[in-house]
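Quick one: the structure is below, questions incoming.
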Amino acid sequence: MNKILENITTNWQQKLIILLIGLLLGWLIFGGKTESNHSHEGHQHEHEARAAESTTWTCSMHPQIQQPNEGDCPICGMDLIPMDKSGGSSSPALIDMNADAIKLANVQTTRVKSGQSNKEILLNGKVSIDERRISSQAIHFDGRIEKLFVNFEGEKVSKGQTLATVYAPKLISAQEELLQALKTNDSYPELTKAAEQKLKFWKLTANEIEQIKNSGKIQEYFEIKADASGYVVKRNIAVGAYAKAGSILFEIADLSKVWIVFDAYEKDLPFIHKGADIEFTVSAFPSKVFNSKVTYIDPVIDTNKRILKIRTEANNHNNLLKPEMFVSGTIYADLKQTGNDLIVPKSAVMWTGKRSIVYVKVDSGFEMREVELGESLGDSYIVKEGIDEGEEVVSKGTFTIDAAAQLNNKYSMMNRPASKPGAPMLQHYATKAFNSKLKDLLKSYLVMKDIMVETKAKESNQAAKTVMKALMQMKPSDLDLKGKAMKFWKEKYELLHDHLSEITNSEDMELQRKAFKPFNEALIASLKSLGIGDENIYIQYCPMADNDTGAYWLSLEEKIMNPYFGDMMLHCGEVTDSLIKEEPKSMQQGHQH
């Protein structure tokens, strides 16, 4: 019995020991893991909470907008997106941008390719009458207009058609002389010939003279017949008026062939030559393209507009082209360069002074590159240095990326690398006289800009003419600039003049604002390089101007008053930079531009 109890006790002890060991192992395996999981989850929630708290929301179009919460952009109303804080590149020329940010900012790239270089020259002109096809219908004897069969300008006439009848006393006397001479023709035939010749001098035909001789009757009224077919473009006489011999009664133009006369700028002359192909359209038939060749280039330049006339001819048998119609033409000039050139879209290039930059796509974002440009080819440029074939450049959204680079203190259009040692500061080459004229130009510009803010097309056209007067006082030939400053100003002067001419020649606000953008780029570059006098100027920028390609302008005030939209988006934009009046040289050394 004792032995049985001993066995039972031993079994319970074993089972108890096994149970305790099992509980211990279970706690070690499951309890520790559970605690670890709870701890990990707690850390994870804490991390997510901190991440949520530190998220900054920005606008893809206006990266200067940074808010702690989601919402809409206060400028353009677009949904805000999380700002990428994954860490920037150590390279000051590289701006990091993830795929989501690129997509939301609607950034597009274009692959750089080589191709044949053809410069696209855009021209504006009018349809004109071919001066060689204008006939002057004169009267060859004195007389009074008894009847007119063509009573208004624009009427079509045919050669030989009667235009008017005239009463001519001298012709009556000459007929009487002929009839008298016929009576003595046998004895004095020379008198008859003299009388006939007199009538021929007054443009009577041989048939008319023979009719007088045969009938023996004096003709009192004489017909004026058209010498050529065409349209009457001018009528100088009325019924009952007395016309002297040699007077021009009508001007008749043959419009079966017309001239198209275009205005060409000086800068385009090297690429225009006689025989060059030219195509043009008129607004009345926008889908119809006319093709012709340059037949004449005016040897004299208009001293006021700095343009010259070039001409082509067009067949007009169907009379589609009416004199004084506006015409838009294009010449595709072959630059005749050796090999193929690298070509990039104009929208990819940003200008600042003499620098031209593009943004090239790289693995982690976009890299700013300075490029050397060649000729302008219409919507693109030839690139001589700075990028290689096959690389991708930003062709849409360039200003968005540049704005992001500025906010991240990277190299950008306005924040460029320091100048190379020994590089001259061009403003030191500008004279006081030049600075004074530049100040006058800026003053008239600010008036024009303020009028554009109010969207007054006629007034801005007049203001642009005042700006042109100020600009004409700054012709490079009249200035005493030297060296690189003169070369730089010559380039900018041509750009300023060309784009300002487009504004002065138009009362269409949309066209004025389109030309206002490149005018501003050239003016800002001039002020940055040659000095601004004694004014502090703000450089302001709207990313939505010019079909979302962005545009700059200048203002004396920091407040945004948008000249590209006016009341539609009056305060859309931002201050991207400021130009500070020039300081003494001793102070300039401490500044980095």
Using a strict threshold of under 4.0 Å (side-chain N to carboxylate O), is an ion pair present between Glu557 and Lys559?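 Looking at Glu557 together with Lys559, the answer is no, because their closest N to O distance does not fall below 4.0 Å.
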
Just by modelled atom types, is the Ala314 backbone N or O under 3.5 Å from a matching donor or acceptor in the Ser292 side chain?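 Flag not set: sc Ser292 to bb Ala314 has no pair under 3.5 Å.
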
Might you confirm whether atom NZ of Lys443 has over 12 heavy atoms from other residues, nucleotides or ligands at distances under 6.0 Å?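 No, NZ of Lys443 has 12 or fewer neighbouring heavy atoms, counting only those of other groups under 6.0 Å.
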
Donor-acceptor contact below 3.5 Å, side chain Glu454 vs main chain Lys456: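 Such a contact is absent between Glu454 side chain and Lys456 backbone.
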
Does Asn316 use its side chain to pair, donor to acceptor, with the backbone of Leu320 at less than 3.5 Å?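 Yes; at least one donor-acceptor contact below 3.5 Å.
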
Minimal non-hydrogen separation, Thr312 against Val294, with atom names: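 Looking at all heavy atoms of both residues, the shortest contact is OG1-N, 4.3 Å.
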
Given Tyr552, which of Tyr541, Tyr564, Phe519 fulfils the ring pair (Phe, Tyr, Trp, His ring centres under 6.0 Å) condition?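 Among Tyr541, Tyr564, Phe519, the one meeting ring pair (Phe, Tyr, Trp, His ring centres under 6.0 Å) with Tyr552 is Tyr541.
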
Given side-chain contact (heavy atoms from CB on, under 4.5 Å), test Lys234 with Leu249 step by step and report yes or no. CA-CA 8 Å; Lys234 198 168 185 180; Leu249 304 183; over 6 Å; no

Donor + acceptor pair across side chains of Arg144, Thr165 (<3.5 Å):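 The criterion, which ignores hydrogens and geometry beyond distance, is not satisfied for Thr165 and Arg144.
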
Between Asp130 and Lys257, does any NZ, NE, NH1 or NH2 come within less than 4.0 Å of an OD or OE carboxylate oxygen?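 Looking at Asp130 together with Lys257, the answer is no, because their closest N to O distance does not fall below 4.0 Å.
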
Heavy-atom pair of closest approach, residues Ser356 and Leu373: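 So the minimum-distance heavy-atom pair works out to OG-CD1, 3.5 Å.
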
Classify the ring geometry between Phe434 and Trp489 as parallel (under 30°), tilted (30 to 60°) or perpendicular (over 60°).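 Perpendicular, since the angle between the ring planes exceeds 60°.
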
Quick test of your reading of the model: are Asp227 and Lys159 salt-bridged, counting only N-O distances below 4.0 Å?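 Not counted as a salt bridge, because no side-chain N and carboxylate O are separated by less than 4.0 Å.
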
Evaluate the criterion side-chain contact (heavy atoms from CB on, under 4.5 Å) for residue pair Tyr265 and Ile121; output intermediate values, then yes/no. CA-CA 10 Å; Tyr265 292 109; Ile121 303 172; over 6 Å; no

Give a yes/no verdict on a cation-pi contact between Lys274 and Tyr296, requiring under 6.0 Å between NZ or CZ and the six-membered ring centre and an angle within 45° of the axis.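 No - Lys274 does not lie over the ring of Tyr296 by the 6.0 Å and 45° rule.
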
Residue Asn151 excluded, over 12 heavy atoms near CG under 6.0 Å: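 Yes.
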
Is the shortest side-chain heavy-atom distance between Leu123 and Val327 below 4.5 Å?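 They are not in contact (no side-chain heavy atoms under 4.5 Å apart), so the answer is no.
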
Heavy-atom count check: over 12 atoms from other residues, nucleotides or ligands less than 6.0 Å from Glu131 CD?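 Check fails, neighbour count at 12 or below.
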
Measure the shortest side-chain to side-chain distance between Leu308 and Asp302 over non-hydrogen atoms and say whether it is less than 4.5 angstrom.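 They are not in side-chain contact.
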
N/O donor-acceptor pair under 3.5 Å between Lys126 side chain and Phe262 backbone: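 Pair absent, no side-chain N/O of Lys126 close to backbone of Phe262.
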
Distance, nearest 0.5 Å, that separates CG of Asn461 from CD1 of Ile451: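 Reported value, rounded in 0.5 Å steps: 10.0 Å.
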
How about Ile252 and Tyr231: do any of their side-chain heavy atoms sit closer than 4.5 Å?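 Result no, sub-4.5 Å side-chain heavy-atom pair not found.
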
Main chain of Ser347, side chain of Thr398: is a donor-acceptor contact present, judged purely on distance under 3.5 Å?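 Flag set: sc Thr398 to bb Ser347 pair under 3.5 Å.
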
About how many Å separate CE of Met448 and NZ of Lys465, when rounded to the nearest 0.5 Å?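 Result: 13.5 Å between the selected atoms.
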
Please answer whether the main-chain N or O of Val150 pairs with a side-chain N or O of Arg235 as donor and acceptor at a distance below 3.5 Å.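 Not at all, since once roles are kept as given, no pair shorter than 3.5 Å links the two residues.
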
Taking atom types as modelled, find out whether Thr504 and Lys305 have a side-chain donor-acceptor pair closer than 3.5 angstrom.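 On atom types as modelled, these side chains do not qualify, holding no pair under 3.5 Å.
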
Evaluate the side-chain proximity of Val467 to Leu500: yes if any heavy-atom separation is below 4.5 Å, no if none is.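 Side chain of Leu500 against side chain of Val467, heavy atoms only: contact under 4.5 Å found.
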
Test side-chain hydrogen bond (donor to acceptor under 3.5 Å, both in side chains) on Thr162 and Lys147 and set out the steps. CA-CA 10 Å; Thr162 301; Lys147 288 184 180 180; over 6 Å; no

So Ser135 and Phe250, side-chain contact (heavy atoms from CB on, under 4.5 Å) or not? Walk me through it. CA-CA 8 Å; Ser135 301; Phe250 304 94; over 6 Å; no

With heavy-atom distances below 4.5 Å as the criterion, would you say the side chains of Ile139 and Ile248 are in contact?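 SC-SC contact between Ile139 and Ile248 ruled out.
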
Do Ser256 and Asp254 get their side chains close enough for a donor-acceptor pair, meaning under 3.5 Å?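 Looking only at side-chain atoms, Asp254 and Ser256 do form a donor-acceptor pair, the distance falling under 3.5 Å.
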
I'd like to know whether NZ of Lys449 has more than 12 heavy-atom contacts from other residues, nucleotides or ligands below 6.0 angstrom.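 Atom NZ in Lys449 is crowded, with more than 12 foreign heavy atoms closer than 6.0 Å.
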
Please round to the nearest 0.5 Å and tell me the distance separating atom CG of Asn435 and atom CG of Leu441.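 Here the rounded value is 12.0 Å.
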
Please confirm whether the backbone N or O of Ser506 pairs with a side-chain atom of Gln512, one donor and one acceptor, at under 3.5 Å?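 Side chain of Gln512 to backbone of Ser506, a donor-acceptor pair under 3.5 Å: yes, one is there.
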
Are side-chain N/O atoms of Ser501 and Asp498 paired as donor and acceptor at under 3.5 Å?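 Side-chain D/A pair, Ser501 to Asp498: absent.
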
Check whether His499 reaches the backbone of Ala515 with its side chain - one donor and one acceptor, N or O, closer than 3.5 Å.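 No; zero donor-acceptor contacts below 3.5 Å.
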
With heavy-atom distances below 4.5 Å as the criterion, would you say the side chains of Phe280 and Asn291 are in contact?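 No, side chains not in contact.
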
Does Phe326 CZ have over 12 foreign heavy atoms under 6.0 Å away?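 No - once you tally the heavy atoms of other residues, nucleotides and ligands closer than 6.0 Å, there are 12 at most.
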
Charged N to carboxylate O under 4.0 angstrom, Lys322 versus Glu324?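 Glu324 and Lys322: not salt-bridged.
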
How about Leu523 and Lys492: do any of their side-chain heavy atoms sit closer than 4.5 Å?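 They are not in contact (no side-chain heavy atoms under 4.5 Å apart), so the answer is no.
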
Please step through side-chain contact (heavy atoms from CB on, under 4.5 Å) for the pair Leu554 and Gln540, ending with a clear verdict. CA-CA 6 Å; Leu554 296 169; Gln540 299 176 337; over 6 Å; no

Between Arg311 (side chain) and Ile297 (backbone), is there a donor-acceptor pair under 3.5 Å?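 Not confirmed, Arg311 side chain does not pair with Ile297 backbone.
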
With rounding to the nearest 0.5 angstrom, report the CD to CZ distance, Glu223 to Phe149.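 Rounded to the nearest 0.5 Å, the CD-CZ separation comes to 7.0 Å.
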
Hey, is Arg306 close enough to Glu266 for a salt bridge, meaning N to O under 4.0 Å?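 The answer is yes: the pair qualifies as a salt bridge.
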
I need the Met561 CE to Leu570 CG distance, nearest 0.5 Å.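 Rounded to the nearest 0.5 Å, the CE-CG separation comes out at 4.0 Å.
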
Passing candidate, side chain to side chain contact (heavy atoms under 4.5 Å, CB included) with Gln137, options Val157, Ile237, Leu163: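 Going through Val157, Ile237, Leu163 one by one, the side chain to side chain contact (heavy atoms under 4.5 Å, CB included) with Gln137 is satisfied by Leu163 alone.
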
CD/Gln211 to CD1/Ile209 distance, rounded to the nearest 0.5 angstrom?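 It comes to 11.5 Å.
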
NZ/NE/NH1/NH2 to OD/OE distance under 4.0 Å, Lys309 and Asp298: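 No.
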
Could you check if a side-chain atom of Phe222 sits within less than 4.5 angstrom of a side-chain atom of Leu171, using non-hydrogen atoms only?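 With C-beta onward as the side chain, the pair touches.
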
Within the distance-only criterion (no hydrogens, no angle test), does the side chain of Ser460 pair as donor or acceptor with the backbone N or O of Ala457 below 3.5 angstrom?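 Looks like yes, one N/O pair under 3.5 Å.
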
Could you pull out the closest heavy-atom pair between Ala238 and Ile145, with the gap in Å?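 Distance-wise, the nearest heavy atoms are O-CB, 3.7 Å.
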
Does the cation-pi check pass for Lys490 over Phe488, that is, NZ or CZ under 6.0 Å from the six-membered ring centre and within 45° of its axis?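 So Lys490 doesn't make the cation-pi contact.
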
Does Gln197 have more than 12 heavy atoms from other residues, nucleotides or ligands lying within 6.0 Å of its CD?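 Correct, the count exceeds 12.
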
